[in-house]
Asks: 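The structure under discussion is supplied below as structure tokens; questions concerning it will follow.
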Amino acid sequence: MTERKRFWIIKCPRCQTYQIADSRNKSKTCSQCSLRFEILHLPVLASSKDAREARTIVADLKMPRTAASEPKVI
Ligand SMILES: [Zn+2]
């Protein structure tokens, strides 16, 4: 068994807000729109060992980028 990082950074499928999910849980309720969704069905954007690191990653992801090559999320 390979070691998996505990906290996953995912996006709410409804409002696209970044969420930090404990990988031991199967589902999560969005802090923004209260939608309950299955974690395993979503792509994991990043993962980390602790919640503090996860929050740092989320803050980084939220940073606006000007790169034109960035894929558009509609
Ligand atoms: Zn949401």
Side-chain angles (χ1 to χ4, degrees):
M1 274 262 203
T2 49
E3 195 198 348
R4 293 202 97 172
K5 288 181 178 179
R6 185 173 155 192
F7 293 95
W8 291 352
I9 288 89
I10 53 173
K11 258 184 176 182
C12 169
R14 187 197 272 166
C15 69
Q16 305 294 307
T17 301
Y18 290 112
Q19 308 283 321
I20 298 164
D22 191 320
S23 63
R24 293 175 305 174
N25 295 332
K26 286 199 180 99
S27 61
K28 168 145 185 84
T29 303
C30 177
S31 58
Q32 199 68 33
C33 70
S34 300
L35 175 72
R36 191 162 178 85
F37 52 88
E38 299 278 308
I39 292 169
L40 294 174
H41 294 166
L42 294 171
V44 178
L45 305 170
S47 60
S48 70
K49 278 180 284 184
D50 57 74
R52 195 174 48 179
E53 191 191 343
R55 279 197 294 272
T56 307
I57 295 168
V58 168
D60 199 52
L61 287 168
K62 280 179 180 171
M63 294 261 273
R65 291 191 186 173
T66 48
S69 56
E70 197 86 338
K72 225 174 207 174
V73 181
I74 303 167

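Counting starts at 1 for both ligands and their atoms, in listed order. Because the structure is a prediction, the values reported are computed rather than measured.
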Asks: Got a second to check how far Y18's OH is from I10's CD1, nearest 0.5 Å?
Replies: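 Rounded to the nearest 0.5 Å, the OH-CD1 separation comes out at 12.0 Å.
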
Asks: Where do K11 and L42 come nearest, in terms of heavy atoms and distance?
Replies: O-CD1, 3.5 Å

Asks: S27: which residues meet the side-chain hydrogen bond (donor to acceptor under 3.5 Å, both in side chains) condition with it, sequence neighbours left out?
Replies: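 R36.
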
Asks: With no hydrogens and no angle check, is any side-chain donor or acceptor of K5 less than 3.5 Å from a backbone partner on S23?
Replies: no

Asks: Is it true that D50 and R6 have a side-chain N and a carboxylate O under 4.0 angstrom from each other?
Replies: no

Asks: Could you walk me through whether S31 and Q19 satisfy the side-chain contact (heavy atoms from CB on, under 4.5 Å) test, starting with their C-alpha distance in whole Å, then the side-chain angles of each, then the deciding distance to 0.1 Å, before giving a yes or no?
Replies: CA-CA 8 Å; S31 58; Q19 308 283 321; 3.6 Å; yes

Asks: Which protein N, O or S atoms lie under 2.8 Å from the Zn ion (ligand 1)?
Replies: C12 SG, C15 SG, C30 SG, C33 SG

